[in-house]
Amino acid sequence: MKTLTTQIVIIGAGPSGLLLGQLLSKQGIDNIILERMTGDYVLGRIRAGILEQGMVDLLREAGVSERMDAEGEVHEGYEISNNGETTYINLHELTGGKTVMCYGQVEVTRDLMAAREAANLPIYYESTDVQPQNVTSEQPSVTFTYQGEQYEVQCDYIAGCDGFHGVSRKTIPQEKRTEHERIYPFGWLGVLSDTPPVSEELIYCKHDRGFALASRRSANRSRYYLQVPLDDKVENWSDEAFWEELKRRLPADAAAKLETGPSIEKSIAPLRSFVCEPMQYGHLFLVGDAAHIVPPTGAKGLNLAASDVATLYKIMCRVYQQGDKECITQYSEIALRRVWNGERFSWWMSNMLHDYSGVEMADMGGETFSRFMTSELGYYLGSEAGRRVMAEQYVGLPYEELRD
Ligand code: APR
Ligand code: PHB
């Protein structure tokens with residue numbers, strides 16, 4: 001067994017782990033990242049790319065924002081189409097000037113990976129059997145296998161940035177964890193295509209045939225989604241079938257402009273709301289998807305990971321720069337407050353924008369639930385106060401500071 005020593009072990013090299021590692025390193029706080037997969041595999045995951053201002057600020061503070069600032073697109077609003085009737089949610093006007101940045105998560109990850117490599121900071125790809133040890137003691141560590149060798153990294157703290165299927169959450173004893181979950185009765189069929197997007201900004205479509213979303217990656221790369229039944233299969237959908245259904249659900253003017261082309265990625269993803277409480281256990285902290293999952297309807301997944309990172313980063317700076325070890329007890333409470341706001345917004349947007357007809361629910365039929373939600377959507381779209389409620393949450397609620 002080879003022994004290594006660092007201050008913080010980060011498990012996972014997704015956006016959470018890489019961003020945390022970059023911020024800590026810039027403050028001179030030593031950290032090692034352990035990643036189960038290869039870097040190419042991590043970069044192969046297609047994910048949303050709507051960044052709240054808080055995340056944009058963090059990436060700038062981390063010194064990895066040059067490409068984002070050059071290639072990212074600032075969006076001042078988005079459209080919601082309700083069976084073809086469109087309402088513009090003017091984020092900039094409704095929030096006193098706030099906007100969101102459209103910049104693919106893969107690009108964020110690529111920039112963070114490049115920065116870590118350029119700084120020659122330790123990251124162990126293809127680490128296996130990663131296991132936090134003695135997390136409630138004063139000598140926590142993480143064991144893992146790398147290139148056939150057994151390692152133990154002695155550390156002060158462990159950041160579990162290893163996503164929903166990682167090892168960190170399961171390290172918290174079951175009896176110490178409370179998990180909240182909702183599985184949605186539909187999925188999203190997503191297509192990536194090298195075609196000009198149908199709109200400069202996003203169009204969220206509520207339609208009797210089902211939800212659709214028109215998003216983008218750049219001026220020549222589009223990302224589209226269709227709500228499909230949970231038991232649907234991607235092989236049931238030819239490109240042609242996808243484009244025809246998308247046209248039916250888009251508002252007429254967008255459908256008329258839709259440029260179709262071969263899909264370069266096509267997949268179906270389930271929708272889930274999930275929160276694990278607490279997000280800390282001894283010297284182990286859960287960050288991002290390791291602790292929570294949101295349906296993508298509110299574009300909150302990456303942004304909630306970023307706010308977790310921001311809170312843990314502030315705590316670690318206070319621990320190492322002011323010697324205040326007590327402040328670690330603030331992490332879970334502060335992180336969860338914002339997580340639940342993001343969970344609620346994502347749950348609310350999912351309920352309002354998807355079609356529940358044909359879904360059997362515990363206390364009412366799906367048709368009835370859909371009627372309630374259609375009325376809810378119409379009410380919020382129909383008033384400036386309602387549109388402001390949507391806008392404030394979409395641009396992201398403020399990050400909470402640590403208590404003194
Ligand atoms: N050991 C080491 N690494 C692991 C382990 C393990 N046991 N289990 C998982 N990992 C790695 C995964 O391979 C992945 O690269 O942890 C990383 C977790 O990354 P994400 O799942 O992307 O989670 P996170 O970094 O929190 O980012 C959240 O990513 O999945 C999207 O929608 C999500 O936008 C959100 C964002
Ligand atoms: C995406 O571009 O993939 C995307 C954008 C906004 C969402 C979900 C997905 O709400």
Side-chain angles (χ1 to χ4, degrees), residues 43-51 71-89 100-108 110 184 186-271 295-299 301-302 349-350 352-355 357-358:
L43 287 172
R45 287 195 297 252
I46 306 290
R47 290 283 190 278
I50 295 295
L51 312 184
E71 299 173 18
E73 300 172 344
V74 174
H75 286 196
E76 296 197 350
Y78 62 89
E79 271 193 358
I80 292 185
S81 163
N82 188 355
N83 278 291
E85 183 187 346
T86 59
T87 303
Y88 186 63
I89 307 297
V100 292
M101 174 75 79
C102 182
Y103 186 64
Q105 177 174 313
V106 175
E107 305 317 318
V108 171
R110 196 189 314 279
Y184 292 79
F186 35 74
W188 278 20
L189 168 64
V191 157
L192 194 66
S193 62
D194 280 335
T195 53
V198 76
S199 168
E200 288 299 312
E201 295 175 325
L202 273 55
I203 309 175
Y204 290 82
C205 309
K206 179 189 181 70
H207 195 281
D208 291 343
R209 297 179 65 90
F211 171 80
L213 172 61
S215 185
R216 52 189 291 135
R217 291 290 177 272
S218 70
N220 297 304
R221 176 164 285 192
S222 301
R223 181 66 167 167
Y224 295 108
Y225 297 95
L226 294 177
Q227 172 187 345
V228 292
L230 262 185
D231 58 0
D232 208 343
K233 301 276 184 286
V234 68
E235 46 270 17
N236 296 340
W237 289 87
S238 67
D239 286 359
E240 292 67 31
F242 180 88
W243 296 123
E244 283 314 302
E245 187 58 33
L246 179 63
K247 280 179 189 169
R248 293 188 189 101
R249 301 184 190 183
L250 286 172
D253 58 336
K257 289 188 290 186
L258 181 66
E259 289 196 41
T260 65
S263 59
I264 57 176
E265 195 273 344
K266 190 189 309 182
S267 56
I268 293 180
L271 273 65
T297 327
L302 182 57
M349 288 280 277
S350 300
M352 283 196 298
L353 294 175
H354 288 83
D355 180 55
S357 53

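Atoms considered below: every heavy atom in the structure, side chains included; atoms not considered: hydrogens, waters and symmetry mates.
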Enquirer: Side-chain contact, heavy-atom cut-off 4.5 Å: Ile50 with Tyr78?
Expert: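 Sidechains of Tyr78 and Ile50: no contact.
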Enquirer: For the CD atom on Glu71, are there more than 12 heavy atoms of other groups (residues, nucleotides or ligands in this structure) within a distance under 6.0 Å?
Expert: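 Yes, the 6.0 Å shell around CD holds more than 12 heavy atoms from other groups.
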Enquirer: Just so I know, are the side chains of Pro251 and Cys205 near enough to count as touching, which here means a heavy-atom distance under 4.5 Å?
Expert: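 Yes, side chains in contact.
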Enquirer: Would you say Ser267 and Glu265 are linked by a side-chain donor-acceptor pair, where the criterion is simply a distance under 3.5 Å?
Expert: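 Ser267 and Glu265 do have a side-chain donor-acceptor pair below 3.5 Å.
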Enquirer: With heavy-atom distances below 4.5 Å as the criterion, would you say the side chains of Leu250 and Ser81 are in contact?
Expert: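 Counting from C-beta outward, Leu250 and Ser81 never come under 4.5 Å.
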Enquirer: Is the count of non-hydrogen atoms from other residues, nucleotides or ligands lying under 6.0 Å from Glu200 atom CD greater than 12?
Expert: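 No, not enclosed.
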Enquirer: Run the side-chain contact (heavy atoms from CB on, under 4.5 Å) check on Leu226 and Trp237 step by step: do they pass?
Expert: CA-CA 11 Å; Leu226 294 177; Trp237 289 87; 4.0 Å; yes
Enquirer: Tell me, do Pro296 and Leu271 make a side-chain contact under 4.5 Å, heavy atoms counted?
Expert: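 Yes; the side chains approach each other to less than 4.5 Å.
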Enquirer: I'd like to check Asp232 versus Leu189 (side-chain heavy atoms, cut-off strictly below 4.5 Å). Are they in contact?
Expert: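 With C-beta onward as the side chain, the pair stays apart.
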Enquirer: If you measure only the distance, is there a donor-acceptor pair under 3.5 Å linking the side chains of Asn220 and Asp194?
Expert: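 No, Asp194 and Asn220 have no side-chain donor paired with an acceptor closer than 3.5 Å.
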Enquirer: Please tell me if the side chains of Thr297 and His354 come closer than 4.5 Å, counting only heavy atoms from C-beta onward.
Expert: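 A side-chain contact under 4.5 Å exists here.
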Enquirer: Any side-chain heavy-atom pair from Asn82 and Leu353 closer than 4.5 angstrom?
Expert: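 Sidechains of Leu353 and Asn82: no contact.
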Enquirer: Any side-chain to backbone donor/acceptor pair from Arg249 onto Gln227? Under 3.5 Å, distance only.
Expert: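 Yes: the side chain of Arg249 pairs with the backbone of Gln227.
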Enquirer: Taking the side chain as every heavy atom from C-beta outward, state whether Val191 and Trp243 have any atom pair closer than 4.5 Å.
Expert: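 Yes, their side chains come closer than 4.5 Å.
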Enquirer: Within the side chain of Asn83, is there an N or O that forms a donor-acceptor pair under 3.5 Å with the backbone of Asp208?
Expert: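 Indeed, once roles are kept as given, a pair shorter than 3.5 Å links the two residues.
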Enquirer: Look at the rings of Trp188 and Phe211 and say which category their plane angle falls in: under 30° parallel, 30 to 60° tilted, over 60° perpendicular.
Expert: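 Judged by the thresholds at 30° and 60°, the geometry between Trp188 and Phe211 is parallel.
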Enquirer: Which is it for Glu107 and Arg217 under the salt bridge (charged side-chain N to carboxylate O under 4.0 Å, His left out) test, yes or no, and what are the steps along the way?
Expert: CA-CA 10 Å; Glu107 305 317 318; Arg217 291 290 177 272; over 6 Å; no
Enquirer: What I want to find out is whether Glu244 reaches Arg248 closely enough, with some N-O distance under 4.0 Å, to be called a salt bridge.
Expert: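 Not counted as a salt bridge, because no side-chain N and carboxylate O are separated by less than 4.0 Å.
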Enquirer: Can you tell me how far apart CD1 (Ile89) and CG (Leu202) are? Round to the nearest 0.5 Å.
Expert: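 The CD1 atom of Ile89 sits 12.5 Å away from the CG atom of Leu202.
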Enquirer: Is Glu201 salt-bridged to Arg216, cutoff N-O under 4.0 Å?
Expert: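 Arg216 and Glu201: not salt-bridged.
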Enquirer: Between Lys266 and Asp239 (salt bridge meaning N to carboxylate O under 4.0 Å), is one present in this structure?
Expert: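 Looking at Lys266 and Asp239, the cut-off is met.
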